[in-house]
Amino acid sequence: MPKSKSAYSVPGKIGKTERHIIVVWVDNEAGVLARVVGLFSGRGYNIESLAVAEVDKKKHISRITIVTEGTPQVIEQINLQLKKLVPVHKVADFKRGEKDILFRELALFKMLANTQKQEKIKKICKKFNPVVLDKTKKSFVIQVTALRAEIDKLALDLKRFGLISTSRTGAVAMTKGAKIFN
Amino acid sequence: MPKLISGAEIVFKALEDQKVEYIFGYPGGAVLPIYDELKNHKSIKHILARHEQGAGHAAEGYARSSGKPGVLLVTSGPGATNAVTALTDAYMDSIPLVCISGQVPTHLIGTDAFQECDTTGITRPCTKHNWLVKDVNDLSRVLHLAFEVATSGRPGPVLVDIPKDIQFKKGKYKFIKNSLKKKLNGKVTYKTSNNELDKFIDLIKKSKRPIFYTGGGVINSGPEASNHLRELVSLTGFPITSTLQGLGAYPGDDPQFLGMLGMHGTYEANNAMHDCDLMINIGARFDDRITGKVDEFSPGSKKIHVDIDPSSIGKNIKVDLAIVSDVSELLKSLIKRFKEKNKNFLNSNKQKTSKWWEQIDKWREKKSLNFVNSNKIIKPQHAVQRLYELTKDQDTFITTEVGQHQMWAAQHYKFNKPNRWMTSGGLGTMGYGLPAAIGVQIANPGKLVVDIAGEASVLMTMQEMSTAVQYRLPIKIFILNNEYMGMVRQWQELLHEKNYSESYTAALPDFVKLAESYGCVGIRAKTPDELDEKIKEMIDVQKPVIFDCVVDKSENCFPMIPSGKPHNQMILGPEEDEEISDEGKILV
């Protein structure tokens, strides 16, 4: 007898998942973010990070950048479902690691550290455009911009230097060169 | 400068400009200004339901049988939450509904005011779109947009939430046609390229074992789509099967029609789906009741999928040719191109598909819809067959509830026209059929409207009989009464060692007396001998009827693809009962 199957759907083979960055242009109106994230939670898609802000004050267009993970079929569904939402203008989709796309996240670290230690920390952060935003004798706040994985590692490294608070944004993305998203 | 009018009046102006004739609703505190305005607009008739869910299903029945959007008017809080089931039902089955809900005044929003709820938040996942109108000057634009969103692309429900102060406030009314310039459903036009059409035709020509698999998209595309479908099927000579929602798009008594497919579909339809080499899906969505385990669904076939919703394509099943289009448009251009290039296709193709038809005839010989009839007790299938025979000569509209009776109706009632069959397929809402019949009767006065019901389902919205009586709607509620939630009992018998946990209704009302108390007519049939005569009596009565058809309590709905079995291993009848694997049990 052939292996059993059913008129009720049973889980099939799950394909390899990929990490994608999805950029969505939406009308900045009440509830629009809830529509987008509700679509993700309602259909069981992942959100790894999310960044959103209005980018066109005149037309009230917001740009939402979502990092997500899923099989190619799920990623395609995410794109198609997003396009069906009435306030969505366009959707762009990139695979993590694509060459002509730039990604950045911003992080703020608050450290308990004396002046001597502070210098050390600055050195550790050197590669990631460190900016000291606040400084006292006992503490300071440093801002870095980098890729997600780099910030992950940095946060880990800073733990032993007195890291007491971390605040991070989601990733934002932009194409390289003169080309823009369509 | 245009005259300033109240928000409530703007609502009616918009409804008038949208040519709305009926609204289904229930008043309450937060919609009183709108109800107050009703008297000034004679072209719009309000149908007072007994529960907002009933109003919603009635609006659905109206929409499905007329092709026009259904309009629903409810109050805030419980009015809106009661409408959620109907909105979700319409969302799943792609029915255009416009729901207008009252809301507490804007200054009270967010304060947990009396009868306040977050209506747009609650209905966001069960509507195509919704709006909370906070400015009266936005109201006319939003209302017209609401109608456009509900009816364009893949149809569906929308909701407009209007706070009470906005209903009183004066503002400008403007009728803006086509305010929605931006694309819908992610695609601007649905024009199919000749290249796509040629690929389509090429697949048709190469196929030896083809099948059309059509769905509710054909119905939603309008009556023209059904005509085109009939032409294409006859041009090709291919067999055709339909989903539950697609019944009526193609004549149910035509020799090329294999019957419904899926879990309770016919043996020939399911086997043909499994063994075909070309599957042409027109307006269906590869629902899990159809596909079973997706990895092993119709393994050897090329698949074409025509759907107006791009996100339906490739969601469950990968296809070889995907066409995003309105069904009617696509079929029209396909037939035209097909005729130009293949004048004698039918004759040249007969030989190619003759073996396939032989195979199909072999499957047909199983007569999978057969059942053992009785002359002592009414078999539910027999009751549906008799109802069909006695009503088929007039233009009859059938609605159903959800369960065994629904499947028996789909199997044994043969539909010849679209928009004659209204059933809750996607959401599977018990209690759908009775209020839906009310909406159908409103849209089709003078026509015979029958709700084929189960006694458990129909009790969920029984209060709407009062609505039917109030508006003199002679709907017929044909209850196949087996005292069980039949489908639940069937699954318990097959999967849970006959542990009939809570599926028996021990204290049913006397349906004949119940009918009388509502002021309509009650009829009971207990034996096969009296069935025909009683059905005729029901048809002849010009009043609403509750028909209590006392049927075999233990009858199961066959054929059936049991849990954990492949498409081509259907159970045909009780004698073939097999143990269902443990793996199968968890799949329900």
Side-chain angles (χ1 to χ4, degrees), chain A residues 1-16 22-45 56 59-62 70-93 182, chain B residues 118 120-121 124-126 128-132 134 145 149 153-154 156 158 180 182-187 262-265 270 287-297 309-316 318 324 560-570 580-584 586-588:
Chain A
M1 205 168 86
K3 212 171 173 305
S4 74
K5 55 182 183 176
S6 163
Y8 286 93
S9 181
V10 296
K13 281 180 211 122
I14 293 169
K16 243 188 164 173
I22 293 175
V23 185
V24 195
W25 285 262
V26 297
D27 289 321
N28 185 15
E29 59 187 29
V32 66
L33 187 62
R35 277 180 217 286
V36 171
V37 299
L39 177 82
F40 274 76
S41 64
R43 291 187 182 266
Y45 309 142
D56 188 329
K59 293 182 187 158
H60 298 289
I61 303 285
S62 285
T71 61
Q73 215 175 347
V74 164
I75 299 290
E76 194 196 344
Q77 270 294 302
I78 292 175
N79 277 281
L80 293 170
Q81 295 289 354
L82 281 170
K83 283 179 189 166
K84 278 168 65 174
L85 297 178
V86 173
V88 168
H89 289 267
K90 57 178 180 173
V91 179
D93 169 22
N182 284 310
Chain B
D118 177 7
T120 48
R124 199 173 288 132
C126 62
K128 274 181 84 176
H129 196 65
N130 59 19
W131 297 263
L132 170 62
K134 286 182 157 175
L145 188 60
V149 172
R154 179 179 178 178
V158 297
L180 196 70
K182 72 171 285 244
K183 58 195 175 173
L184 275 174
N185 288 347
K187 192 149 173 151
M263 180 171 244
H264 292 289
N270 282 331
D287 170 90
D288 66 288
R289 303 285 106 166
I290 302 297
T291 60
K293 189 175 182 183
V294 289
D295 319 4
E296 293 165 56
F297 170 70
D309 176 3
S311 70
S312 276
I313 298 176
K315 180 171 64 181
N316 300 329
K318 282 198 182 117
V324 177
M560 173 183 184
I561 303 173
S563 236
K565 290 285 165 69
H567 250 190
N568 50 1
Q569 284 188 29
M570 302 189 75
I580 288 169
S581 65
D582 280 346
E583 193 193 338
I586 59 165
L587 308 176
V588 183

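Hydrogens, waters and symmetry mates are skipped; everything else that's a heavy atom, side chains included, is used. Below, chain A is the first sequence line, B the second, and so on; all start at residue 1.
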Q: Q81(A) and S311(B): which non-hydrogen atoms are nearest, and at how many Å?
A: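 Smallest interatomic distance, heavy atoms only, reads NE2-OG, 3.5 Å.
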Q: Which residues from residues 30-41 of chain A are near chain B, with near meaning under 4.5 Å between non-hydrogen atoms?
A: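 Residues G31(A), A34(A), R35(A) are the ones that qualify, each having a heavy atom under 4.5 Å from chain B.
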Q: What pairs with D93(A) under salt bridge (charged side-chain N to carboxylate O under 4.0 Å, His left out), at least two apart in sequence or on another chain?
A: none
Q: For P87(A) and H129(B), work out which heavy atoms get closest and say how close.
A: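 Shortest heavy-atom separation between P87(A) and H129(B) comes out as CD-CE1, 3.5 Å.
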Q: Flag the one option from N270(B), N130(B), D287(B) with the top tally of heavy-atom pairs under 4.5 Å to chain A.
A: N130(B)
Q: Testing the basics here: between K84(A) and D309(B), what is the closest heavy-atom pair and its distance to 0.1 Å?
A: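 Minimum heavy-atom contact is NZ-OD2, 2.7 Å.
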